[in-house]
Protein chains: 2
Amino acid sequence: MSQTVDRALSILPLLAEGPADLGQVADRLGVHKSTALRLLRTLHEHGLVYRQSDQRYRLGARLFALAQEAVENLDVREIAHPHLTALNEKCGHTVHLAVYEENEVLYIDKVESRYPVRMYSRIGKPVAITVAAVAKLLLADLSEAERRAIAEKLDYPTYTARSTPNAGAFLKELAVVREQGWATDLGGHEESINCVGAPIRGADGRVVAAMSVSAPNVVVTAEELLTLLPLVRRTADAISREYSGAVPGSKEATTKAASKEAPTKEATSR
Amino acid sequence: MSQTVDRALSILPLLAEGPADLGQVADRLGVHKSTALRLLRTLHEHGLVYRQSDQRYRLGARLFALAQEAVENLDVREIAHPHLTALNEKCGHTVHLAVYEENEVLYIDKVESRYPVRMYSRIGKPVAITVAAVAKLLLADLSEAERRAIAEKLDYPTYTARSTPNAGAFLKELAVVREQGWATDLGGHEESINCVGAPIRGADGRVVAAMSVSAPNVVVTAEELLTLLPLVRRTADAISREYSGAVPGSKEATTKAASKEAPTKEATSR
DNA sequence: ATGACCGTTGCAACATTTGCAACGGCCTTC
DNA sequence: GAAGGCCGTTGCAAATGTTGCAACGGTCAT
């Protein structure tokens, strides 16, 4: 819609691939060097882009700060986190939390099977959408039209022999997941890894996030992992309750945002 | 420099505070709703902004994906290398760069005491983890639980009389290193070789790599080598700064001459 | 049903952005 | 050591893209 901004923002994914100099940026944007320079300068002023000592550009620290702030503002994550760590302490395996947004499923939290986390670097990663348990859970909650539209657009990579092969199989699987209220990924992404997952629902009953427990074959068999299902579902339900029940006030789930939002209007400065 | 882009980017930190609707964004930008709408649309197309079901805008998913990708493609070695060679030219000794990975510490770069190097044959080699300065630096940053777990599992070969003898001594040494922010290896690996090292930290303050300067006794005594410590630390800090990217608002004092940095943000029109 | 609020769109005037050409620094090459 | 090439940078005029306005349609509360 806005050409200038569009060009400027196109620089970001370009730089995410690796550092680039002015000429490269200008070329890939299809604009003059001078134009690219001005865009980069503006990005630089906002800290989204950083200039290294060899004069090449790369993504800047502010971007990470923004991403982190955004993650923290996702209140599902805030509420879920203690439950996830508790679950991890009980079963010892890796626990994931994911949300659906704009045709993507992303991990927004993770508790490693050992360490107490802080790995902000790992979260934010797009999920293997056609096979992951959390992805199935999140997509299964969409309307049939949406599900079909998305299923058609997806690629179906054959990670393993058990990967979802095509749109038809995927839609069928989603229907099953939708019906039973939980999902698995048994070696569909990596041959030796199994997952069981359950949905987290908001006050209106819609799925707002999904969680899963993952473990390698060599530690527990798929059958053993499935025995954790009740525990996983109970945890997910506990999160759901807390998530939907926490806000006594108005309509929806935007908990703390509403509290200090309304009065501010002039309060900004520079 | 570019007004349009400048406005669009100003929306991001605004949204980081919490979700906002079109009117709020327009007000705080000081522009018309229609203008704000078009900017938001462009941001939305690029996934930097997400529109929740109540029509308000939030920071979007691609922000995470970008940060994630950037982190993965961030090459410490690439950034560090010029600094390492510069240090080598100043002091003449061998300079090492190492990272921790999967219970191992590996050299990932090395500048020989003479030649400008391309000795990639040596790098990739596991480090004597119980004695090397870089190993101490990398392990010292782990959580106490992790440190202990690793210390227990390690062997403590007696390379020399000064080698770290056992887990207890190692943990104690790690505590010291963690506290003082630098490390040494005085004849712990080879009787006649001394090292001083310093950590390289990422944007979140965690140690992502470690560097050290090594020299044989016959060239410089341990005391003389220690006089290089400030230089080593300064180099490591410079690499850290460059690795994490610049801080947005303030001035930056990274490398050589900050020749023409004058144009502050006041230069804008109106 | 009425009014208010909010997001959205087409349009014309305007300001902003764009590409160009030229400069200066740095490095390699002859 | 000079010549040539490469890269980032700047001022300028043309023109393209952006802006604010006014009006529309939808939703919600009165």
Side-chain angles (χ1 to χ4, degrees), chain A residues 1-11 14-15 18-46 49-58 204 249-252 254 257-258 261-265, chain B residues 1-11 14-15 19-46 49-58 82 85-86 89 116 246 252 254-270:
Chain A
M1 273 274 142
S2 169
Q3 191 191 66
T4 317
V5 177
D6 187 50
R7 285 174 172 166
L9 297 182
S10 300
I11 294 177
L14 192 157
L15 252 41
D21 62 27
L22 180 60
Q24 295 170 336
V25 172
D27 280 349
R28 291 197 48 180
L29 280 187
V31 298
H32 247 70
K33 291 173 193 175
S34 59
T35 305
L37 177 67
R38 284 182 284 249
L39 297 177
L40 280 165
R41 275 226 256 260
T42 310
L43 290 168
H44 180 82
E45 279 176 18
H46 285 258
V49 146
Y50 174 68
R51 195 152 198 202
Q52 6 184 94
S53 51
D54 63 353
Q55 297 227 312
R56 292 193 305 168
Y57 294 92
R58 49 160 280 235
D204 54 359
S250 56
K251 38 194 169 184
E252 276 179 351
T254 52
E261 190 57 50
T264 52
K265 189 167 192 177
Chain B
M1 273 275 140
S2 169
Q3 191 191 64
T4 317
V5 178
D6 187 50
R7 284 173 173 166
L9 297 183
S10 300
I11 294 177
L14 191 159
L15 253 41
D21 62 26
L22 180 59
Q24 294 170 336
V25 172
D27 279 350
R28 291 192 52 176
L29 279 188
V31 298
H32 218 75
K33 292 174 194 175
S34 59
T35 305
L37 177 67
R38 283 181 284 249
L39 296 178
L40 280 165
R41 274 227 255 262
T42 310
L43 290 168
H44 179 84
E45 279 175 17
H46 285 258
V49 146
Y50 173 66
R51 194 149 197 201
Q52 21 185 70
S53 49
D54 63 352
Q55 296 229 309
R56 293 194 303 169
Y57 294 92
R58 291 202 84 269
T85 54
E89 278 163 20
E252 35 192 319
T254 36
T255 48
K256 39 188 176 181
S259 52
K260 43 212 166 178
E261 191 61 5
T264 54
K265 60 181 67 172
E266 288 303 314
T268 45
S269 60
R270 272 181 197 254

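All chains are named by letter (A, B, ...) in the order of the sequence lines, taking the proteins before the strands, and each is independently numbered beginning at 1. Model, not experiment: these values are computed from the prediction.
Regarding B:R38, its CZ atom lies at a distance of 7 Å from the C1' atom of D:dT19, rounded to whole Å. What separates CG of B:L29 from P of D:dG20 is a distance of 10 Å, to the nearest Å. Between A:K33 atom NZ and D:dG5 atom P the separation is 14 Å, expressed in whole Å. Atoms CD (B:Q55) and C1' (D:dG26) sit 10 Å apart, rounded to a whole Å. Between the CG atom of A:D21 and the P atom of C:dC26 there is a distance of 17 Å, rounded to whole Å. Distance NE2 (B:H32) to P (D:dA22): 8 Å, rounded to an integer number of Å. In this structure, A:R56 atom CZ and C:dC26 atom P are separated by 19 Å, rounded to whole Å. The interatomic distance linking B:H44 (NE2) with C:dG7 (C1') rounds to 14 Å, in whole Å.
For B:R7 and D:dT18, the shortest distance from a side-chain N or O to OP1 or OP2 is not below 4.0 Å. For D:dT18, neither phosphate oxygen OP1 nor OP2 lies less than 4.0 angstrom from any side-chain nitrogen or oxygen of B:R41. Between A:T4 and the phosphate of C:dT17, there is no side-chain N or O to OP1/OP2 separation shorter than 4.0 Å.
Proximity of a side-chain donor or acceptor of A:H44 to a complementary backbone N or O of A:V49 within less than 3.5 Å is detected. B:E89 places no side-chain N or O within donor-acceptor distance of the main-chain N or O of B:A86, the cut-off being under 3.5 Å.
Evaluation of atom-type donor-acceptor distances gives a pair under 3.5 Å for the side chain of A:S34 against the base of C:dG19.
The side chain of B:T35 sits closest to D:dT19 out of C:dT18, C:dG7, D:dT19. For B:Q3, the side-chain atoms get nearest to C:dT16 when compared with the rest of C:dT16, D:dG20, D:dT10.
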